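Here the structure comes first, spelled out in structure tokens, and everything after it is commentary.
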Amino acid sequence: MKAKTKIKWIFLTYLFLRSEFVFLDYEESRLLFFFDELALMGLCIFIAHYGAKLIR
């Protein structure tokens with residue numbers, strides 16, 4: 001199985017700082033990198049927004 005077919009990163013590993021260093025994929029296009037970061041930002045906003053609603 002090629003490395004590109006595997007999962008590129010595991011969110012929880014980075015979220016809980018279990019990985020000391022993150023290697024960037026320089027072969028990934030800038031547009032895909034931007035969409036990855038945008039999706040991660042949207043997920044964090046979603047969790048914070050609805051988490052705050054649950055706390056109230």
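Quantities reported herein were computed from a predicted structural model and do not represent experimental measurements.
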CD1 of I45 to CG of L38, rounded to nearest 0.5 Å, is 8.5 Å
dist E27:CD -> L32:CG (nearest 0.5 Å) comes out at 12.5 Å
Are M41 and F34 connected, step by step, through hydrophobic side chains (Ile, Leu, Val, Met, Phe, Trp, Tyr) whose heavy atoms are closer than 4.5 Å? yes
